[in-house]
Amino acid sequence: MIDIKLVREEPQTVKQGLLSRNLDPSVVDDLLTIDEMRREKLTGVETLKAERNTVSREIGKIKDKGEREAKIADMKVVSDSISALDEELRLIEEKQQELIMGIPNIPLAQVPIGKDESDNVVLRVEGEIPTFDFEPLPHWDLGPQLGILDFERGVKITGSRFYVLSGLGARLQRALIAYMLDLHIKQGYLEKYTPFMVKGATLYAAGQLPKFADNLYKDHEEDLYMVPTAEVPLTGLHMDEFLEGQQLPLRYTAYTPCFRREKMSAGRDVRGIKRGHQFDKVEMYTYCKPEDSMQELDKMMADAEETCRQLGLTYRILQLCTADISFNASIAYDIEVWAPGCQEWLEVSSISNVGNFQARRANIKFKEEDGRKDYVHTLNGSGLGMPRTLIAVLETYQQANGSVKIPEVLLPWMGGATEIPCCA
RNA sequence: GGAGGGAUGGCCGAGUGGUUUAAGGCGCCUGUCUUGAAAACAGGUGUGGGGUGAACGCUCCACCGUGGGUUCGAAUCCCUCUCCCUCCGCCA
């Protein structure tokens, strides 16, 4: 949520932010108009309330019956006006809130302007595009051939875009998760195990509601949603808290499954397991002071990148342009790994500095010993997203005989297996 | 699922319609005293929003778990929901 004071004081900044995201800036003027109305209405009703408070206190002390009755009658009229004005004010505030909740974060000046994702900037590519002396298979052929990936039964028990991992395939994914969590712990993040379901208020705080309601799975009788990313419960952790300055930065890592309807992506990426309604992810999340957030962004980037490097994957770093950074983000980078079988770059991580955008919604502040108070900055990044990392590992480490070698760093979790044999 | 109890400031805790403008205590901050500290004493100490001002500030409104209601006036009365505790039942 952006600051209404910023809209008031620097409407041009906000408009430019919207323009850079290719959005209509006229909402800023609407907001200014409604804010003016709101303050006018507020001043009026508060004056009446002040009067009522004073006179009501006097009424308690008045002994003369006639005088007392007269004042009560007067205040009844005042009270009725207050009720009416309060209701008008409520509607105005509701409208204002609705408008402000719909405004995305303002991109930082260094974010490249772009029209769509094709304007993202490839900052660098790490590792060589691997070459094979045989035709590398895409995972949708390789997985079933190895007996570790079962599309039909996933569809049978749940529906399209669901699959079952089996044997060493399931174990490989579990190894990836365990390895990533352990790595991030070493990098200074505290592991959290959170609920996989959250209430509506938590999703509002994280910026997922109201805008992305379509993408969420919701319980049909309670106010409970399946998490679309661990970012949501990790934001919720410190919702409505005043943190001590000396506690910061707080760095967390968590594994959760993620549940998304993917209505927007109907028909896209239907082949294989690249995009499902349920996927696993290890997330990194940082709360810090505003002055430290760019440095924390660099750290989180480096920490996510280290995962790809240790896994021996070929990857590239993209700086997202204004059109492609998420609603919450002020600046963001993606990490994409190369999948030699399906011959494409797969997004396995998106790392964002959210600034105080989420902290405002979630009401997370910190206090310094010298009395300074401010909203924290939050950052989030995947480290990494699961099925796609699994795809890249399978496709990168496949051998001519049809087997798949296990990357060195995963061996401690593989129960002695060093490869997935071709007829598992 | 059933029965009962509870939710008040950073913490403890009083408060069943108007001298409560949330008592008192603890903690914290400032000052006096002291070489320094402790103790003692005095003062201060929440969040959000509005108005005003160059600024220290001044002032008003709201907030006693949530959302409604009754009333001239609600922490206090009524309804709703949430959460916590105790006991019973069921259960991986």
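Numbers restart at 1 for each chain; the letters A, B, ... are given by sequence-line order, proteins then strands.
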For Ser79(A) and Lys365(A), find the nucleotide of RNA chain B closest to each by heavy atoms; which residue's nucleotide sits nearer the 5' end? Lys365(A)
Nucleotide forming a Watson-Crick or wobble pair with rA40(B), both distances under 3.5 Å: rU32(B)
Distance check needed: rG73(B) C1' versus Asp74(A) CG, whole Å only. 14 Å
Please find out if less than 6.0 Å separates the ring center of Phe327(A) from that of Phe357(A). yes
5' priority, RNA chain B, between Lys5(A) and Ile72(A) [closest heavy atom]: Lys5(A)
Between atom CD in Glu241(A) and atom P in rG48(B), what is the gap in whole Å? 15 Å
Quick one: do Arg90(A) and Glu94(A) make a salt bridge, cutoff under 4.0 Å? yes
Answer for the Watson-Crick or wobble partner of rG9(B), both distances under 3.5 Å, is none
Taking atom P in both rC78(B) and rU71(B), what distance in whole Å separates the two? 16 Å
Quick one: Met75(A) CE to rA74(B) P, roughly how many Å, whole number? 13 Å
Output yes when at least one side-chain N/O atom of Lys61(A) is less than 4.0 Å from OP1 or OP2 of rG18(B), else no. no
Nearest heavy-atom neighbours spanning Glu9(A) and Pro11(A): C-CD, 3.4 Å
Quote, to the nearest angstrom, the P distance that separates rC63(B) from rG69(B). 13 Å
How many Å lie between CG on Leu85(A) and P on rG50(B), as a whole number? 18 Å
Which base, if any, makes a Watson-Crick or G-U wobble pair with rC56(B), both distances under 3.5 Å? none
Gap in Å between the two P atoms, one belonging to rG65(B) and one to rA75(B), rounded: 10 Å
Can you name the side-chain hydrogen bond (donor to acceptor under 3.5 Å, both in side chains) partners of Thr54(A), sequence neighbours left out? none
With a 4.0 Å cut-off, would you call Asp35(A) and Arg39(A) a salt bridge? yes
When all nucleic acid strands are considered with a 4.0 Å heavy-atom cut-off, which category describes Leu42(A): base, sugar-phosphate, or nothing? sugar-phosphate
Using the P atoms only, state how far rG57(B) lies from rU66(B), rounded to an integer number of Å. 29 Å
rG65(B) pairs with which nucleotide, Watson-Crick or G-U wobble, both distances below 3.5 Å? rC81(B)
Expressed in whole Å, how much space separates the P atoms belonging to rG4(B) and rU76(B)? 23 Å
Taking a pair to mean Watson-Crick or G-U wobble geometry with both distances below 3.5 Å, rA23(B) pairs with none
Does rU47(B) have its OP1 or OP2 closer than 4.0 Å to a side-chain nitrogen or oxygen of Lys373(A)? yes
How many whole angstroms separate atom CD1 of Ile59(A) from atom C1' of rC72(B)? 4 Å
Are Arg39(A) and rG51(B) close enough that a side-chain N or O sits under 4.0 Å from OP1 or OP2? yes
Sidechain N-carboxylate O distance under 4.0 Å for Asp86(A), Lys49(A): yes
So, Lys289(A) and Asp374(A), do they make that salt bridge, N to O below 4.0 Å? no
Indicate whether OP1 or OP2 belonging to rG50(B) is found under 4.0 Å from a side-chain N or O atom of Lys41(A). no
Tell me: CZ of Arg38(A) to P of rG49(B), nearest whole Å? 9 Å
For rA40(B) versus rG50(B), give the span between their P atoms, rounded off to a whole number of Å. 43 Å
What I want to check is whether an N or O donor and acceptor connect the side chain of Arg68(A) with the base of rG18(B) at under 3.5 Å. yes
Between P on rU71(B) and CD on Glu69(A), what's the gap in Å once rounded to a whole number? 15 Å
Kindly state each residue pair satisfying salt bridge (Lys or Arg N to Asp or Glu O under 4.0 Å) with at least one member in residues 211-238 of chain A, sequence neighbours excluded. none
What is the pairing partner of rC72(B), taking Watson-Crick or G-U wobble pairs with both distances under 3.5 Å in any strand? rG18(B)
Looking for any heavy atom pair under 4.0 Å, which part of the strands does Lys199(A) touch: base, sugar-phosphate only, or nothing? nothing
Would you check if there is a donor-acceptor pair between the side chains of His377(A) and Ser293(A) at a distance under 3.5 Å? yes
Has Asn328(A) got a side-chain atom pairing as donor or acceptor with Ala206(A)'s backbone, closer than 3.5 angstrom? yes
What's the gap between rU45(B) and rA23(B) when it is taken at their P atoms, as a whole Å value? 12 Å
Letter per nucleotide, 5' to 3', of nucleotides 56-68 of chain B [B base touched, S only sugar-phosphate touched, - untouched; heavy atoms, 4.0 Å]: ----BBS------
Could you tell me the separation between the CG atom of Asp86(A) and the P atom of rG50(B), rounded to a whole number of Å? 16 Å
Tell me which nucleotide, if any, is Watson-Crick or G-U wobble paired with rG1(B) when both distances must be under 3.5 Å. rC88(B)
P spacing across the pair rG13(B) / rA55(B), given as an integer number of angstrom: 43 Å
